[in-house]
Structures are given as structure tokens and as C-alpha cells.
Amino acid sequence: MTRPARIPAAVVSALAAAGVLTACGSDGDALVVYSAQHESLVRTMLEDFTAETGIELEFRDANDSELANQIVQEGKASPADVFLTENSPGMDVVDRAGLLAPLDQKTLDQVGEAYRPSSGNWVGFAARSTVLAYNPAEIAEDELPASILDLADPAWDGRVGIASGGADFQAIVSAVLALEGEDATREWLTGLQRNAEVYASNTAVMKAVDEGEVPVGVMYHYYWYRDQAENGLIGDDAELHYFGNQDPGAFVSVSGAGVLASSGRAKDAQRLVRYLTAREAQEKLADSSALEYAVGTGVDSAQALPPLADLDAPQVDPGELSSPEVTELMQEVGLL
Ligand SMILES: [Fe+2]
């Protein structure tokens, strides 16, 4: 929210209390953060931000596509100062609409190049690996697919679980699209549409694998590691297969942080993104129960995880992952 610069704060408060200043819908001095990443992780990473900077935060939490579409609709009038996504395609929607301000170079330099777009208009602050959960009682290790693309083969009919309605799975599709092109992606999705059992979430996929409903399921790594840390209550009979080999199935999805070009608090907004990617917040991520990957240069992720650098992920520019094209393709084949 911007306010006329020459009106004293006390007068502004009085006017706001009287309902005179309602232009942007924000209630006062807090920096407005639209956040689609897991609430607990974002709050943990930023728990000391206000104490250290004096900048109050106001969060609006929803999922990637809801918030991305909301920002685009609001355009330059958006009350958002900062946008945090769970996966990067949602950020890409806002970036393509020209609504992001370039980030300070100092902020960009805090994060490994693989975890930020070449545009420099936003930056990664966490990362998550695609994995194939499998049930060793239902499938032998040597029968596991070498590539995520193999799951479109008729041999997998009825034998793979996916959470195709979620932003996580759609980010994986965006990586397949970037790496393999439109025709190959359409073909893959057509096979998956026939083969896959569709579940509501990563956790539901893991549970289905655990219970032998399907022998394998596509998900992100941290749901399994979290469950293990909580004594394997949901997925103790599931194991993880990493595709590696720069396969599209080894895709590492980046959670993004960006500053809205329309923000009247550009300096504070830039400061928040710098804080989120600096060592202190990145170490909080690594030490938290989230078990997502830290992306800050020189910060090690949680010990329970295989090192990010060892996953042999495919190289994709996280700024080139599109959600509108993915949604169209998935609708075309009947997966959405
Ligand atoms: Fe998640």
C-alpha cells in the first residue's frame, strides 16, 4: 500500500480508523507477503525478521495458482509487496505479466545459479526433489523405471499414483515440457492419463503406495522424509527411487521469492527477500522439520537428505517453466 508521503503517520492511522483510507485493502504499515509455500516453513524462516528489522509482516496464504492469478488480476493495484511461491511456474505467471521488480544483485549472489532464473527477477529460497515412491512388496527394485517418461508405457496401466491437481505435479510437467518439448510431453501425459490413479496430494500418493494400492507414485521427497522423522506413520512401507541421470524425473523444483514492481515499500520488500536467502534463514530451513533443501550458497541441507548436488538433476532455467501451457496440455488429455 502506498500513502501520501506528507501526511503524518498518526493522521493516517486516524483516517484509516475512520475508514477514509481503504484504497489497497491493507491495514496499515505491515509489509504484505502473498505466500504459497508451506506456512510453517515460511514462518520459521522469518521468525526473527520483524525483531531484527522492525518491519511488520502481514501474510496472505493460498496456493501458487490462486495467488499468481490474484496478483495478475490486481495488477499495479495489488497490495502485495512480496510474493513467495511453492513452485516456480506460479512466479513465472507474475513475471511474464511484467509485475516483478529486478532483485538486488547481492540477493541473487546468495543463491546458487541453478536455483534462480536467468532473468534475475526472482530468486529461489528452497528446493524440492521429484522422487518415485515405491512399495518393495509390490515391485522389485530392478523393475523400477529408468525414466519418469517410461510411466506412460502401457505396462504401467493402473500401477502409478499421481497428484495431478496440485502445483507440485504440474511443476514436474513444466520441467518435462521444457526438457522434452510439447509433442513428447503431450504423448507422455496421454499415457499417464490412461495409466495413473489420481490422488489429492503427495501424502495421499505416498499412503496409496504404502498400502499397496499402486506399486509406485510420483511425489516430492520431503513428504517421505518428514513421515520417516515422525516414525513412518503413513509411508513406512514405501521407499524412494531417485531417477538421477538428469532425467526429467530428477527435476528439482524451486520455491521462489519476488518483489512486486508496484510495491510502495520496495526497499523493505527487497530486504525481506535478501533475508530469506541469507545464511541465517537458510540454516533455519535446514534445521527445521520441513526437510526441504536449502539453496543458500554454502549452506548444507538437513543431514537426513541426500545432498542436492548428488541428485544429478536435469538443467532447466527455473524462469522458463510455464504453468499456462502445462494446464492447457493437461486439460487437453483429460488429466485436469
Ligand atoms: Fe508441499
Side-chain angles (χ1 to χ4, degrees), residues 33-46 59-69 83-93 115 122-133 148 161-176 198-210 217-230 232-235 238 240 242 249-258 276 281-282 284-295 301-302 304-306 308 311 313 318 321 323 326-327 330 336:
V33 181
Y34 279 21
S35 177
Q37 239 290 13
H38 292 253
E39 249 182 83
S40 57
L41 173 60
V42 170
R43 301 304 190 275
T44 298
M45 294 176 79
L46 294 173
F59 290 98
R60 308 216 182 148
D61 299 283
N63 70 35
D64 282 346
S65 60
E66 284 165 356
L67 289 179
N69 292 335
F83 184 29
L84 306 179
T85 63
E86 185 170 8
N87 296 281
S88 60
M91 188 67 80
D92 184 59
V93 166
Y115 311 111
W122 57 270
V123 69
F125 70 93
R128 315 91 75 58
S129 176
T130 310
V131 291
L132 189 72
I148 198 169
I162 59 175
S164 43
D168 292 353
F169 183 81
Q170 289 166 28
I172 299 169
V173 178
S174 76
V176 173
V198 171
Y199 296 94
S201 66
N202 283 275
T203 304
V205 168
M206 179 168 67
K207 187 164 181 277
V209 171
D210 178 84
V218 176
M219 55 184 273
Y220 280 163
H221 78 280
Y222 56 94
Y223 291 93
W224 186 86
Y225 284 97
R226 263 192 226 165
D227 181 62
Q228 291 285 302
E230 291 159 9
L233 294 176
I234 305 168
L240 296 189
Y242 286 84
F251 168 63
V252 167
S253 179
V254 168
S255 301
L276 200 57
Q282 288 292 304
K284 276 190 179 143
L285 184 163
D287 294 341
S288 78
S289 58
L291 294 168
E292 301 197 27
Y293 283 102
V295 293
S301 294
L305 304 176
L308 193 49
L311 299 182
L321 301 178
S323 61
V326 162
T327 315
M330 289 180 71
L336 278 180

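Just so you know, these numbers use all the heavy atoms, side chains as well, and skip hydrogens, waters and symmetry mates. One-based numbering, in listed order, for ligands and for the atoms of each.
At least one N/O/S atom of Tyr223, whether from backbone or side chain, sits less than 2.8 Å from the Fe ion (ligand 1). The Fe ion (ligand 1) has an N, O or S atom of Tyr222 closer than 2.8 Å. The Fe ion (ligand 1) has an N, O or S atom of Glu86 inside 2.8 Å of it.
The side-chain hydrogen bond (donor to acceptor under 3.5 Å, both in side chains) search around Gln282 returns none, not counting sequence neighbours.
Considering every non-hydrogen atom in both Val42 and Gln37, the closest pair reads CG2-CB, 3.5 Å.
Under a 3.5 Å cut-off, the side chain of Asp168 and the backbone N or O of Asn202 do not form any donor-acceptor pair.
You'll find the side chain of Val131 stays beyond 4.5 Å of the side chain of Tyr220, heavy atoms only.
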